[in-house]
A.B. asks: 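I have a structure I would like to understand better, so I am pasting it below and will then ask my questions one at a time.
Just so it is clear, the model here is predicted, and its values are computed rather than measured. The first residue of the sequence shown is numbered 1, and numbering continues consecutively from there.
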Amino acid sequence: MFIGIGTPIPRLSNLPGSRAGGGSTGLETVDNEFSMSFSSVDQSFLKITNLRNELINSNNKQLSFSAWIKLPALNVNWYFAGSGLNSHGPFTFGGSGANMRTWITTSDSNTTKIISTSTAFAANQWHHVFYVIDTTQSIADDRTRFYINGEKVDIDASTGTPPLDSTFNTIQNQPDVLVNAWRFNPLGTPSGTGIIEYDELAFWNTVIDDKIIKQIYEANNIAGKTADLAKVGPSNLKAWLRMGDN
């Protein structure tokens, strides 16, 4: 893993703990004591080597992304994880002000931007976010799905129609994924100022269903714990960044 310009700083995670739902979820948990903070001033980011290739090889049409995120402000664009050389590459997960947002570039090199309709984020609060892309689905709302704190968030149909039965763009010769940025000339980093915090970033090259997404969020009901994502099925977790925890 490559640490980009600036160095992300480990911090006490202070995830919501017992305020994040209640009851046993049935998922195993692991210790969660630390998160990492990234500064948009010094453009700090992480490069996950060859992850983009692992996620979209063999003409894959499905992708899931999970993370805990705390944003310092809501009047700017944020790039949680991105790929590609331009136009956000095969995929970029992020936020548009207080709303969730993603870009998808398919094998025909067309890029679609999709934004949620309802306010999802509050400033300076931890949120669990989950993004699902599944271009095999016939219903548009099922092809791109956003979840905030375990609940599905509606998509603004006016922002774009998710691609149908298309593979991700494999033309761009850029095999990595950037956290807190996407690759462009110059590097595309969040447009606001302040400290953004990340914890427990995970990537799958398949779809995680609604029930498991909610259980991942609710597994944090004990302070200092988070879901053991290595035990979440299906067992094709491609990357899990604990962000300060071993």
A.B. asks: Checking Ser64 now: which residues fulfil side-chain contact (heavy atoms from CB on, under 4.5 Å) with it, not counting sequence neighbours?
C.D. replies: Phe130, Val132, Trp204, Ile208
A.B. asks: Indicate the atoms forming the closest heavy-atom contact of Leu241 with Ile48, along with that distance.
C.D. replies: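 Closest approach of Leu241 to Ile48: CD1-CD1, 3.7 Å.
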A.B. asks: What residues form a side-chain hydrogen bond (donor to acceptor under 3.5 Å, both in side chains) with Ser166, not counting sequence neighbours?
C.D. replies: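 Once residues adjacent in sequence are excluded, Ser166 has no partner under the side-chain hydrogen bond (donor to acceptor under 3.5 Å, both in side chains) criterion.
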A.B. asks: Taking only residues two or more places apart in sequence or in another chain, which ones pass side-chain contact (heavy atoms from CB on, under 4.5 Å) with Ala120?
C.D. replies: Met100, Ile148
A.B. asks: Check whether any side-chain heavy atom of Glu197 sits under 4.5 Å from a side-chain heavy atom of Met36, and report yes or no.
C.D. replies: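 Answer no - side chains too far apart.
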A.B. asks: Can you tell me how far apart OG (Ser107) and CG (Asn169) are? Round to the nearest 0.5 Å.
C.D. replies: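 Result: 7.5 Å between the selected atoms.
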A.B. asks: For residues Ile171 and Ser109, report the shortest heavy-atom separation together with the two atoms involved.
C.D. replies: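 For Ile171 and Ser109, the tightest heavy-atom pair comes out as CD1-OG, 3.7 Å.
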A.B. asks: To the nearest 0.5 Å, tell me how far Leu71 CG sits from Trp126 CH2.
C.D. replies: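 Between Leu71 CG and Trp126 CH2, I get 9.5 Å after rounding to 0.5 Å.
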A.B. asks: Same cluster or not: are Ile195 and Val129 linked, directly or through other Ile, Leu, Val, Met, Phe, Trp or Tyr residues, by side-chain heavy atoms under 4.5 angstrom apart?
C.D. replies: no
A.B. asks: Excluding sequence neighbours, so at least two apart, what forms side-chain contact (heavy atoms from CB on, under 4.5 Å) with Asn205?
C.D. replies: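 side-chain contact (heavy atoms from CB on, under 4.5 Å) check on Asn205 returns Leu55, Asn60, Asn236, Lys238.
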A.B. asks: How close do Pro72 and Asn124 get, counting heavy atoms only, and between which atoms?
C.D. replies: CA-OD1, 3.7 Å
A.B. asks: A side-chain contact here means heavy atoms from C-beta on lying under 4.5 Å apart; do Thr159 and Arg101 qualify?
C.D. replies: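 No; the side chains remain at least 4.5 Å from each other.
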A.B. asks: Donor-acceptor pair, Asp245 side chain versus Asn32 backbone, under 3.5 Å?
C.D. replies: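 It does not hold such a pair.
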A.B. asks: Could you tell me how the ring of Tyr79 sits relative to the ring of Trp103: parallel (under 30°), tilted (30 to 60°) or perpendicular (over 60°)?
C.D. replies: tilted
A.B. asks: Taking C-beta and beyond as the side chain, do Ile69 and Trp78 meet within less than 4.5 Å on heavy atoms?
C.D. replies: no
A.B. asks: Do Trp240 and Val207 share a hydrophobic cluster (ILVMFWY, side-chain heavy atoms under 4.5 Å, transitive)?
C.D. replies: yes
A.B. asks: So which atom in Ile133 and which in Phe168 form the shortest heavy-atom distance, rounded to 0.1 Å?
C.D. replies: CG2-CZ, 3.8 Å
A.B. asks: If you round to the nearest 0.5 Å, how far is CG of Leu178 from NZ of Lys47?
C.D. replies: 8.0 Å
A.B. asks: Say whether, by atom type as modelled, one donor and one acceptor occur between the side chain of Thr112 and the main chain of Pro162 under 3.5 angstrom.
C.D. replies: no
A.B. asks: Residues in salt bridge (Lys or Arg N to Asp or Glu O under 4.0 Å) with Asp165, at least two apart?
C.D. replies: Lys61
A.B. asks: Tell me every residue that passes side-chain contact (heavy atoms from CB on, under 4.5 Å) with Asp108, counting only those two or more places apart in sequence or in another chain.
C.D. replies: Thr106, Asn110
A.B. asks: Less than 4.5 Å apart, side chain to side chain, heavy atoms only: is that true for Leu201 and Phe80?
C.D. replies: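 Not touching, per the 4.5 Å side-chain cut-off.
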A.B. asks: If we only count heavy atoms from C-beta on, is the Met243 to Phe34 side-chain gap below 4.5 Å?
C.D. replies: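 Side-chain contact under 4.5 Å: no.
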A.B. asks: Please report the interatomic distance CG(Asp154) to CZ(Phe146), rounded to the nearest 0.5 Å.
C.D. replies: 11.0 Å
A.B. asks: Using every non-hydrogen atom in the two residues, find where Ala81 and Val177 come nearest and quote the distance to one decimal.
C.D. replies: CB-CG1, 4.2 Å
A.B. asks: Judged by atom type as modelled, is there a donor-acceptor pair below 3.5 Å linking the side chain of Arg143 to the main-chain atoms of Gln137?
C.D. replies: yes
A.B. asks: On the 0 to 90° scale, with breaks at 30° and 60°, tag the Tyr131-Phe93 ring pair as parallel, tilted or perpendicular.
C.D. replies: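 Answer is tilted, since the angle falls between 30° and 60°.
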A.B. asks: Val30 vs Arg242, test: side-chain contact (heavy atoms from CB on, under 4.5 Å). Steps then yes/no.
C.D. replies: CA-CA 10 Å; Val30 293; Arg242 299 296 315 279; 3.5 Å; yes
A.B. asks: For His128, what residues pass the ring-ring contact (aromatic ring centres under 6.0 Å, His included) criterion, not counting sequence neighbours?
C.D. replies: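 Checked His128 against ring-ring contact (aromatic ring centres under 6.0 Å, His included); matches are Trp68.
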A.B. asks: Going by heavy atoms in the side chains, are Leu46 and Asn180 under 4.5 Å from each other?
C.D. replies: no
A.B. asks: List the residues meeting side-chain hydrogen bond (donor to acceptor under 3.5 Å, both in side chains) with Tyr147, not counting sequence neighbours, and say none if there are none.
C.D. replies: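 side-chain hydrogen bond (donor to acceptor under 3.5 Å, both in side chains) list for Tyr147, sorted by chain: Arg145, Asp210.
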A.B. asks: Pairs under 3.5 angstrom only: tabulate donor-acceptor contacts from the side chains of residues 225-233 to other protein residues two or more places apart or in another chain.
C.D. replies:
residue, atom, partner, partner atom, Å
Lys225, NZ, Asp31, OD1, 2.5
Asp228, OD1, Ala230, N, 3.2
Lys231, NZ, Glu28, OE1, 3.1

A.B. asks: Please list all pairs passing the side chain to side chain donor-acceptor pair (under 3.5 Å) test where one or both residues lie in residues 113-122, with sequence neighbours left out.
C.D. replies: none
A.B. asks: How long is the gap from OG1 on Thr102 to CD1 on Ile115, to the nearest 0.5 Å?
C.D. replies: 10.5 Å
A.B. asks: Working to the nearest 0.5 angstrom, can you tell me the gap between Thr170 OG1 and Asn57 CG?
C.D. replies: 10.0 Å
A.B. asks: Tell me whether Val76 shares a hydrophobic cluster with Phe38, the cluster being built from Ile, Leu, Val, Met, Phe, Trp, Tyr side chains joined at under 4.5 Å.
C.D. replies: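 Both belong to a single hydrophobic cluster.
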A.B. asks: Could you list the residues that satisfy side-chain hydrogen bond (donor to acceptor under 3.5 Å, both in side chains) with Thr206, not counting sequence neighbours?
C.D. replies: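 side-chain hydrogen bond (donor to acceptor under 3.5 Å, both in side chains) list for Thr206, sorted by chain: Gln62.
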A.B. asks: Holding to side-chain hydrogen bond (donor to acceptor under 3.5 Å, both in side chains), I want the full list of residues that pass it with Asn50, two or more places apart in sequence or in another chain.
C.D. replies: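 Asn50 satisfies side-chain hydrogen bond (donor to acceptor under 3.5 Å, both in side chains) with Asn53 only.
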A.B. asks: Identify the two heavy atoms, one from Thr161 and one from Ala140, that lie closest to each other, and give their separation to 0.1 Å.
C.D. replies: CG2-CB, 4.5 Å
